[in-house]
Amino acid sequence: MLTGVIDIGSNGVRFSVSDLSDSLASRNLPIKFQDRAPISLYDALKSSRESSSDRRISANVLDRLRIAITRFDRVCKALKVPDENVSVFGTAASRSAANWEDMVAMITRINSNWTVNRLSPYMEAKYGAMGIASSYYEINGLVMDLGGGSIQISWVSSLAGNVDMPESAVSLPLGAAAISEKLQAQDAETFDVETFKLDIRDQFAYAFKKIKPPFELKGANLYLSGGGFRGLGFLAMSTLSDDEYYPVPIINGYRCSIKDLERVAQRQLTDKDKDKLEDVFRISKRRASQLPGIGLLIQALISAAPHIGSVYFCQGGVKEGYLYSKLADSVKIKDPLVTCTAAYARPACAKIETLINFAMSSFTPPYISKRMLPAVVNLVYYQAPYTKDTQATAALNIAVTGVLAGVHGLSHVDRALLGIILCERWGGEVFDERVIRRLCDLVVSVLGEDLGLKYLFWGYYLAKLATVLADLFPAGVVDSEDRVKVGLVKDEKDAILIELTFVKDDPCTLAVWDKIEGLEKKVKKFRKKYEIVGVPKVSFKLYME
């Protein structure tokens, strides 16, 4: 089911066509087409000569909208998107426009079968929250979607596909453009920034009371969406990294502490280095001009909720929320890490997954055994057609700059660990080993040293098992059900023992026997190299029958 969306925001107009026809892949909201027109309705209304209560979108801006929307109509017809599957949404600026009906009439002349909606503050907040829910496998915390004219505030609990949110989401007139306009319009000598910040803090406090989150704000996660917050996220990415660069240039899935974000926000309230902001990846001139206001917003937020836990940045907004709301609950419950890789699985992958499951210890983290295992196995043959000198590097970057880079719903740990494991599946030899180190550091910094190193160990274990088993079925099909049997015969905290039983004189086995015999040594060497504690010693017994 091809679905078109036009999101007429305050800062720009977003166009997209998504394919929701595949019940599995639709969890990732796969995109067939997307574009953005830099048409700011907020600026158009601000420059209107009418009074603030009767601001109108000028004929010139309406004509620019007409051209952009007509182009999208052509795209939809070329892709054969049914007219009834195209929805148009107007948000905060549209609600402020006295001549909204003129815009509706213009859109109707382009295509009278489209559905045109001017979202209420509640529906805008609801779709924004749903969009954030779509951005991760599971979330639980406060959600905020920052537009140009307003910010939507709610909470969401999305666990195992069950999405829960309040009936009374809040929309405050504190958008990125609105705050920046107020800051820039004031006389620097008389304007009291601290009083303004206190006023914003009080509005946040009001919002938190109204939405009544079912959890303590202390330690709660905070999920941020919208262009203004994403700009701040990219700035945090570029300034908080201890290395040359942050290894995942994708905003969805980026995480930092609230203290780190506060430091980044504080720097935006001074004049120092403002001219350099436009040099930061994905920060435009317009966004750079708004960052001081966004920094002030973050400081006021922290003042209202001083003990927020981790901050997660999201790509999801109104468009993603609308699409996600159309999915069946049985689809929402799917793991985006698994659904985005399923299309690349070969027939033998189900067999390999079953065999590896027999070798999973009770001490293997569920994230590895339940989520990463099926995703890795789905991709275990993907780089097989590549040349040997490109296999490991291509696998390492598969979810960063490769075929899965644009997939919706993955965290940065998902992307990093998937690449690290698949890289090891192809031998782990890459041209620039600093990339592997940066991705490993990302996993450890996000999860903490103890858990991060455990994930890396079990990921390496999974990679080596997957390599051996894929080599036993080199064509990607199961031509012999009895080629290998796997059994976990000892499962203790300090040691596990796996038995591998092979068919005697089978050529597919004999051809890779050196890899099979080297399994135990490789896993032991990795464990020792990184001084990983709290994981069992792994032993293998090999049999021929």
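Each residue takes its place number in the sequence, starting with 1.
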Does either side chain, that of Asn378 or that of Thr341, offer a donor lying less than 3.5 Å from an acceptor on the other one? yes
How close do Gln152 and Glu124 get, counting heavy atoms only, and between which atoms? NE2-OE2, 3.1 Å
Does the side chain of Lys537 come within less than 4.5 Å of Val523's, by heavy atoms? no
Side-chain H-bond candidate by donor/acceptor type, Thr390 with Thr393, under 3.5 Å: no
Would you mind reporting whether Val489 and Ile498 have side-chain heavy atoms less than 4.5 Å apart? no
Smallest separation among heavy atoms of Gly459 and Ile368, with atom names: N-CD1, 4.3 Å
Would you please indicate if the ring centroids of Tyr530 and Phe457 are separated by under 6.0 Å? no
Does Lys504 pair with Glu545 as a salt bridge, N-O distance under 4.0 Å? no
What is the ring orientation for His412 with Tyr254, classed by angle as parallel under 30°, tilted 30 to 60°, or perpendicular over 60°? tilted
Report yes or no: does Glu520 contribute a side-chain atom to a donor-acceptor pair with the main-chain N or O of Phe540 at less than 3.5 Å? yes
Evaluate the criterion side-chain contact (heavy atoms from CB on, under 4.5 Å) for residue pair Ile302 and Ile308; output intermediate values, then yes/no. CA-CA 7 Å; Ile302 293 171; Ile308 288 290; over 6 Å; no
Hey, is CD on Glu429 packed in by over 12 heavy atoms from elsewhere, all under 6.0 Å? no
Do Lys351 and Glu481 meet the salt-bridge criterion of a basic N to acidic O distance under 4.0 Å? yes
If you measure only the distance, is there a donor-acceptor pair under 3.5 Å linking the side chains of Asp414 and Tyr367? yes
Under 3.5 Å, is there a donor-acceptor pair between the side chain of Gln391 and the main chain of Gln383? yes
Would you say the side-chain atoms of Arg438 and Tyr245 include a donor-acceptor pair closer than 3.5 Å? yes
Result for ring pair (Phe, Tyr, Trp, His ring centres under 6.0 Å) between Tyr223 and one of Trp155, Tyr312, Phe313, Phe229 points to Tyr312
Any chance you could measure Asp505, atom CG, to Leu510, atom CG, to the nearest 0.5 Å? 6.0 Å
Can a donor-acceptor pair be found between the side chains of Gln299 and Glu262 at a distance below 3.5 Å? no
More than 12 heavy atoms of other residues, nucleotides or ligands under 6.0 Å from NZ of Lys319: yes or no? yes
So do Val311 and Asp260 actually touch side chain to side chain, heavy atoms under 4.5 Å? no
Side chains of Leu456 and Val444: does their closest heavy-atom pair fall under 4.5 Å? yes
Answer yes or no: is there a donor N or O on one side and an acceptor on the other, between the side chain of Ser445 and the main chain of Asp441, under 3.5 Å? yes
In terms of side-chain geometry, is the basic nitrogen of Asp506 or Arg483 positioned less than 4.0 Å from the acidic oxygen of its partner? yes
I need the Glu433 CD to Cys440 SG distance, nearest 0.5 Å. 10.5 Å
When you compare the side chain of Tyr455 with that of Leu447, does any pair of heavy atoms fall below 4.5 Å? yes
Begin from the C-alpha positions of Gln315 and Glu320 and carry the test side-chain hydrogen bond (donor to acceptor under 3.5 Å, both in side chains) through to its verdict. CA-CA 8 Å; Gln315 187 65 48; Glu320 290 81 7; 5.1 Å; no
Heavy atoms of Ala399 and Ile250 approach each other most closely as O-CD1, 3.8 Å
Could you go step by step and tell me if Leu142 and Asn221 meet the side-chain contact (heavy atoms from CB on, under 4.5 Å) rule? CA-CA 6 Å; Leu142 293 171; Asn221 291 326; over 6 Å; no
Quick one: do Ser225 and Leu146 satisfy side-chain contact (heavy atoms from CB on, under 4.5 Å)? Show the steps, please. CA-CA 6 Å; Ser225 185; Leu146 180 65; over 6 Å; no
Okay, side chain of Lys212, backbone of Pro166: is any donor-acceptor separation there less than 3.5 Å? no
Side-chain touch Leu327/Leu323, heavy atoms, less than 4.5 angstrom: no
To the nearest 0.5 Å, how far apart are CG in Leu337 and CZ in Arg27? 11.0 Å
Between Ser21 and Asp19, is there a side-chain donor-acceptor contact under 3.5 Å, judged purely by atom types and distance? yes
Determine, step by step, whether Lys485 and Leu500 satisfy the side-chain contact (heavy atoms from CB on, under 4.5 Å) criterion, reporting the C-alpha distance in whole Å, the side-chain angles of both residues, the deciding distance to 0.1 Å, and the verdict. CA-CA 6 Å; Lys485 295 177 183 176; Leu500 300 177; over 6 Å; no
Between Asn252 (side chain) and Ser135 (backbone), is there a donor-acceptor pair under 3.5 Å? yes
Any sub-3.5 Å donor-acceptor pair from Arg425's side-chain atoms to Val380's backbone N or O? yes
Would the number of heavy atoms belonging to other residues, nucleotides or ligands and lying under 6.0 Å from CZ of Phe358 be above 12? no
One should read off an interatomic distance between Ile496 CD1 and Ser362 OG, to the nearest 0.5 angstrom, of 9.0 Å
I need the minimum non-hydrogen distance between Val443 and Ala416, along with the two atoms involved. CG2-CB, 3.9 Å
With no hydrogens and no angle check, is any side-chain donor or acceptor of Asn28 less than 3.5 Å from a backbone partner on Val407? no
Mind listing the closest non-hydrogen atom pair of Arg346 and Ala475 along with its distance? NH1-O, 3.8 Å
Interatomic distance, Leu232 atom CG to Cys256 atom SG [nearest 0.5 angstrom]: 8.0 Å
Do the side chains of Leu465 and Leu519 get nearer than 4.5 Å, heavy atoms only? yes
Determine whether Leu410 and Cys340 make a side-chain contact, defined as any pair of heavy atoms from C-beta on separated by less than 4.5 Å. yes
State the CD1-OH distance between Ile532 and Tyr460, to the nearest 0.5 angstrom. 10.5 Å
Classify the ring geometry between Phe204 and Phe208 as parallel (under 30°), tilted (30 to 60°) or perpendicular (over 60°). parallel
So, for Val503 and Asp482, which heavy atoms are closest and what is the spacing to 0.1 Å? CG2-O, 2.8 Å
Is it possible for you to check whether Lys332 lies under 6.0 Å from the centre of the six-membered ring of Tyr324, through NZ or CZ, and within 45° of that ring's axis? yes
May I ask you to say whether Lys515 pairs ionically with Asp471, meaning some side-chain N is under 4.0 Å from a carboxylate O? yes
